Structure formats: C-alpha cells, structure tokens
Amino acid sequence: MGFATKAIHAGNAPDPATGAVSVPIYQTSTFAQEALGVNKGYEYARTKNPTRTALEQNIAALEGAKFGFAFASGMAAIDSTLRLLKSGDHVILGDNTYGGTFRLFDRILSNYGIEFDLVNTSDASNLEPAFKPNTKMVFVETPTNPVMTVTDLAAVSEIAHAHGARVVCDNTFLSPYFQRPIEHGVDIVVHSTTKYLNGHSDSVGGFVALNDEKDAEWIGFVQNSAGAILSPFDSFLVLRGTKTLAVRMEAHDKNGRTVANFLAEHPRVQKVHYPGLASHPQHEIAKRQQSGFGGMVSFETGSLDNAKKVLSSVKLCTLGESLGGVESLICHPASMTHASVPAERRAALGLTDGLVRISVGIEDIEDILSDLDQAL
Ligand code: P1T
C-alpha cells in the first residue's frame with residue numbers, strides 16, 4: 001500500500017457501531033462493562049479510547065512501526081520516551097534540538113540523575129568518543145530546529161547499537177512523508193503532532209512510534225500511569241490532518257525550495273539554512289535519507305535589528321511560534337523557541353540574534369515571495 005493510501009485508510013476503518021466513515025470523537029471518560037472483566041476492549045478512557053486508538057494505528061503505520069502512542073503534546077511524548085531511562089544513565093543529545101527538549105534535559109531530568117552531553121551528530125565521527133559505559137540513548141533531531149543540520153541516521157544507529165544504546169529521532173520537521181527514521185535503523189521516533197501531522201495550527205499533541213515490544217509495553221505503561229494522553233477531539237483533528245499529509249507535504253516542499261532559493265539570492269540575506277540547497281553542508285546525506293526537503297527554512301539577516309525589521313514588516317507571514325501549518329509562520333528563534341538555550345550555546349550553533357525562521361505555508365508562492373521581499 002502506498003503512503004497516501006495508508007494515510008487515508010490505516011486505522012480508519014468504518015465505525016463498527018454505525019458505519020460512520022470518519023472515526024467518531026468518542027467523547028467519553030468510561031465504558032460500560034457487561035460484567036466483571038467482560039468489556040468491548042475499552043474500560044477507562046485514560047487507558048484507551050477508540051478515537052485515540054485509530055490515530056495510534058494510523059501514525060504507527062506511516063512511520064513503519066508496530067506500535068504507536070499519542071500524547072498531549074510533543075514534549076509529553078518526549079518526556080514519556082525518556083522514562084525508558086533510569087537514574088545514572090547517560091544520554092548523547094544532539095547539540096541543536098528544539099529549546100524545550102534541551103530544557104527538559106537541562107532543568108528537569110538532571111534532577112533525577114540522568115546525565116547528558118551535547119554532541120554535534122551531523123558529523124557522525126563525533127559520536128564514538130562521546131560514549132560512556134552508562135550511555136543508554138542517543139537523541140537527535142534531523143533536520144534540526146532551527147539551524148537545519150542533518151544527521152546521518154544509519155551511521156549514528158550503527159555506532160549507537162554497537163554500544164547497546166537506543167536511538168531516538170525527533171521527526172517533526174519532515175514528517176513520515178519525507179523521512180522514516182526506523183527504515184534507517186532508528187529505534188524510536190517522536191513527533192510534535194502540533195506541526196505537520198495535524199497541519200492546521202489548531203491542536204497540540206505528540207506521538208511515539210517504535211517496533212521493540214518491550215519498550216512499547218513500557219511506553220504504554222507510562223502513558224497510562226503518568227496520563228499525558230491526547231484527548232479524543234485532538235485525536236480526531238490529527239487523524240483528519242494526516243489524511244492530507246501527502247498533498248500538504250508536497251506543497252510545503254515546493255514552496256520551501258522556492259523560498260530557500262529566493263533567499264539565497266537576495267542581497268539582504270547573508271546565509272540560508274536549508275538542506276535542499278547544494279551549498280548545505282549535509283546536502284548529500286539529506287538527498288539520500290529524505291525524499292523531500294520540506295518547508296522549514298532559516299536565514300541570517302546579520303543583526304538583531306535587521307531581524308526585528310523583517311519580523312515587524314511581514315504582512316502575510318504571521319509572527320508566531322510553531323510550524324507545519326498551512327499558513328506561513330515566521331519567528332525569531334533566539335528570543336522565542338530557543339530562549340531557554342544559553343546565549344553562548346546559541347552562538348556556538350550559529351543560532352544568532354540575526355537568525356529568522358520561516359515555516360513556509362502552502363499559500364500561492366508569489367504572495368509569500370512578495371511578502372518576504374518587501375519585508376527585507
Ligand atoms: O510544542 P509541542 O507539541 O510540545 O512539541 C515540542 C517540540 C518537539 N520537537 C520539535 C522538533 C519541535 O519543534 C517542538 C515544538 N516546536 C515549536 C513550538 C517551535 O516553534 O519550534
């Protein structure tokens with residue numbers, strides 16, 4: 001079955017009770033039981049809800065995973081995945097991740113005896129020396145938010161597995177339409193479904209997809225025990241979103257490439273970060289590992305003042321956090337999405353005060369380009 005077919009049909013069987021073609025929003029907290037221990041597979045809605053189950057089957061199928069779990073946010077999905085770790089474990093964390101992921105390690109997990117080191121995994125040769133006897137996990141984003149560096153997932157997985165460590169990949173920026181990390185050896189895929197999977201900027205959610213039965217059992221146990229579940233209504237919205245993932249991603253990719261090329265030639269732009277450009281340092285890896293480059297582009301304006309001018313001059317692009325919706329969103333990572341990353345770390349990553357990030361939407365390309373042109 002092709003990707004677009006799976007996106008529409010996986011988990012989306014007509015409702016057994018009524019034949020409804022769209023999976024209903026089962027807005028209920030509990031389910032009537034016929035007798036003690038006799039039920040229709042559902043008991044209490046934190047544990048399992050049919051709308052959530054449908055979404056879990058859908059996204060797991062898109063990632064090529066046996067198991068999937070939907071959470072209340074991307075951060076809840078990441079937090080629940082990190083509960084595979086125990087006090088005393090060490091994690092190799094990609095040096096550029098969403099600011100909230102760094103903050104979770106830096107400010108919360110560090111209180112529970114979980115150590116981490118930041119490593120630039122875009123050069124796989126940096127990985128080997130970073131392993132310690134207690135390294136249990138390598139956690140990467142690719143492409144990274146917001147400087148768009150790419151990590152070779154097959155190379156990193158091979159090294160990590162030789163050390164007995166799991167590899168977790170945050171696949172939010174490309175979605176399974178353009179990149180399926182499990183096919184490259186990754187053990188666990190996490191998502192903020194808030195972004196491309198839902199695609200319409202009207203829901204916050206997260207997802208974990210994996211094949212290992214024992215780890216899946218634990219993540220399911222954490223989902224039920226800690227309870228950061230996705231609601232039935234949000235499950236419905238994301239399930240509706242994934243039905244159009246293939247067509248939306250094609251449109252984001254087409255506009256993303258055009259915006260990146262436009263910016264690369266613009267006299268007011270000093271540098272463009274987009275793996276689809278031949279000048280991107282990991283362009284060859286991206287071409288091999290991804291089937292598209294997507295709609296995320298960041299660029300260097302040269303100073304905070306210049307960035308402010310651009311951000312206050314756009315008319316079509318909306319100034320705001322988040323990404324992956326049909327509308328173009330623009331933001332200032334240093335003060336918004338990555339404010340929790342210390343200034344010296346941001347500088348080392350090229351996450352400067354002059355950096356602007358665009359989530360290129362699927363509006364008419366002429367309108368997006370003329371908005372950026374007048375703002376620059
Ligand atoms: O916002 P939430 O659904 O909890 O997802 C967190 C998250 C996880 N991973 C990546 C790669 C992300 O980009 C995010 C959220 N990012 C933004 C809100 C942003 O504007 O970058």
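When a ligand or atom number is given, it counts from 1 through the structure's own listing order. If you're wondering where the values come from, they're calculated on a predicted model, not measured in any experiment.
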Enumerate the atoms of ligand 1 whose separation from the nearest heavy atom of [X] is less than 4.0 angstrom.
{"X": "G205", "answer": "3 (O)"}
{"X": "R357", "answer": "19 (C), 20 (O), 21 (O)"}
{"X": "S73", "answer": "3 (O), 4 (O)"}
{"X": "T337", "answer": "19 (C), 20 (O), 21 (O)"}
{"X": "D170", "answer": "8 (C), 9 (N), 10 (C), 11 (C)"}

Just checking E217: does its CD atom have more than 12 heavy atoms from other residues, nucleotides or ligands closer to it than 6.0 angstrom?
no

So F262 and H266, would you call those rings parallel, tilted or perpendicular, with 30° and 60° as cut-offs?
perpendicular

Parallel under 30°, tilted from 30 to 60°, perpendicular over 60°: which one fits the rings of F139 and F105?
perpendicular

State which residue, out of K136, R166, K66, R83, fulfils the salt bridge (charged side-chain N to carboxylate O under 4.0 Å, His left out) condition with D215.
R166

Is there a heavy atom in [X] that sits closer than 4.0 Å to ligand 1?
{"X": "H191", "result": "no"}
{"X": "C331", "result": "no"}
{"X": "M336", "result": "no"}
{"X": "S322", "result": "yes"}

Among protein heavy atoms, which lies nearest atom 13 (O) of ligand 1, and at what distance?
N145 ND2, 3.0 Å

Among all protein heavy atoms in this structure, tell me which lies nearest to atom 2 (P) of ligand 1, with the distance rounded to 0.1 Å.
G74 N, 3.4 Å

I would like to know whether Y98 and E141 meet side-chain contact (heavy atoms from CB on, under 4.5 Å); could you show each step before the answer?
CA-CA 8 Å; Y98 168 57; E141 268 177 32; 3.5 Å; yes

Please find out if less than 6.0 Å separates the ring center of F207 from that of F71.
no

Compute the ring centroids of F116 and H90, then answer whether they are less than 6.0 Å apart.
no

Does any N or O in the side chain of H280 come within less than 3.5 Å of the main-chain N or O of Q282, such that one atom is a donor and the other an acceptor?
yes

Quick check: does any side chain N or O of N224 sit under 3.5 Å from a backbone N or O of F221, one acting as donor and the other as acceptor?
no

Under 3.5 Å, N or O to N or O, is [X] touching ligand 1 that way?
{"X": "S192", "result": "yes"}
{"X": "K195", "result": "yes"}
{"X": "Y98", "result": "no"}
{"X": "V204", "result": "no"}
{"X": "F173", "result": "no"}

Residues K254, E250: salt bridge by 4.0 Å N-O rule:
no

What part of L323, side chain from CB on, backbone N/CA/C/O, both or neither, has a heavy atom under 4.0 Å from ligand 1?
side chain

Let me know which of T121, T142, D123, N96 forms a side chain to side chain donor-acceptor pair (under 3.5 Å) with T151.
T121

